[in-house]
Amino acid sequence: SAEPAYPTAGDMGALADVFSALDAALAEQSSFVLGFVCMFGAVLMRQFGCLKTTDVVPLSKVTFNFCFPCMLFAGISKIDMHPSLGRVAIVSISVNLLWMLAVLASSWFVPRHRGLRGQWIFNTTGCNIGFTYPILLASTSLAKDLFPAVVVWD
């Protein structure tokens with residue numbers, strides 16, 4: 001007895017399961033796909049002369065000074081925050097203020113020539129965001145919604 005050349009009812013059920021799983025996977029990765037489409041579109045716009053090298057600075061300013069904070073705010077506004085995280089925020093603000101004061105006080109010992117003091121202050125105050133990673137990863141909603149944005153920001 002030879003196999004039929006057309007799909008049977010059992011094959012269609014398995015095929016429907018495959019398409020259902022593929023649809024779910026694509027829905028999960030929609031932001032990645034959208035990002036890839038945007039990058040591909042930007043490359044095409046550059047090739048056709050719609051974007052010039054001089055457009056990079058204003059576009060990056062708009063992206064990082066407007067779009068990225070809006071994305072962070074939109075992500076944070078949807079999070080269901082537990083009231084106990086208020087203590088974490090107070091401790092975080094206090095530690096950051098104390099760290100900033102310690103960096104500013106110790107910056108007087110760093111030479112001023114060629115902007116070294118400013119670079120030293122900038123790098124020293126920015127290196128403490130890694131301490132927030134365990135706090136964000138401890139909460140499932142923060143880890144899913146906010147952690148990727150914090151890593152990008154870092």
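Numbering of residues begins at 1 and proceeds along the displayed sequence.
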K.L.:
Any link between Val103 and Leu101 through a network of hydrophobic side chains (Ile, Leu, Val, Met, Phe, Trp, Tyr) touching at under 4.5 Å?
P.N.:
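Looking at the clustering, Leu101 is in a separate group from Val103.
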
K.L.:
Would you confirm whether Asp55, through its side chain, and Lys52, through its main-chain N or O, come within 3.5 Å as a donor-acceptor pair?
P.N.:
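Checked: pair present.
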
K.L.:
When hydrophobic residues are tied together by side-chain contacts of less than 4.5 Å, even through go-betweens, does Val62 share a cluster with Val56?
P.N.:
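The answer is no; the residues belong to distinct hydrophobic clusters.
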
K.L.:
Apply the test side chain to side chain contact (heavy atoms under 4.5 Å, CB included) to residues Met39 and Leu34: give CA-CA distance (whole Å), side-chain angles for both, the deciding distance (0.1 Å), then the verdict.
P.N.:
CA-CA 9 Å; Met39 286 189 303; Leu34 179 62; over 6 Å; no

K.L.:
Stepwise, does the side chain to side chain contact (heavy atoms under 4.5 Å, CB included) test hold for Leu59 with Leu51?
P.N.:
CA-CA 10 Å; Leu59 286 174; Leu51 288 176; 3.9 Å; yes

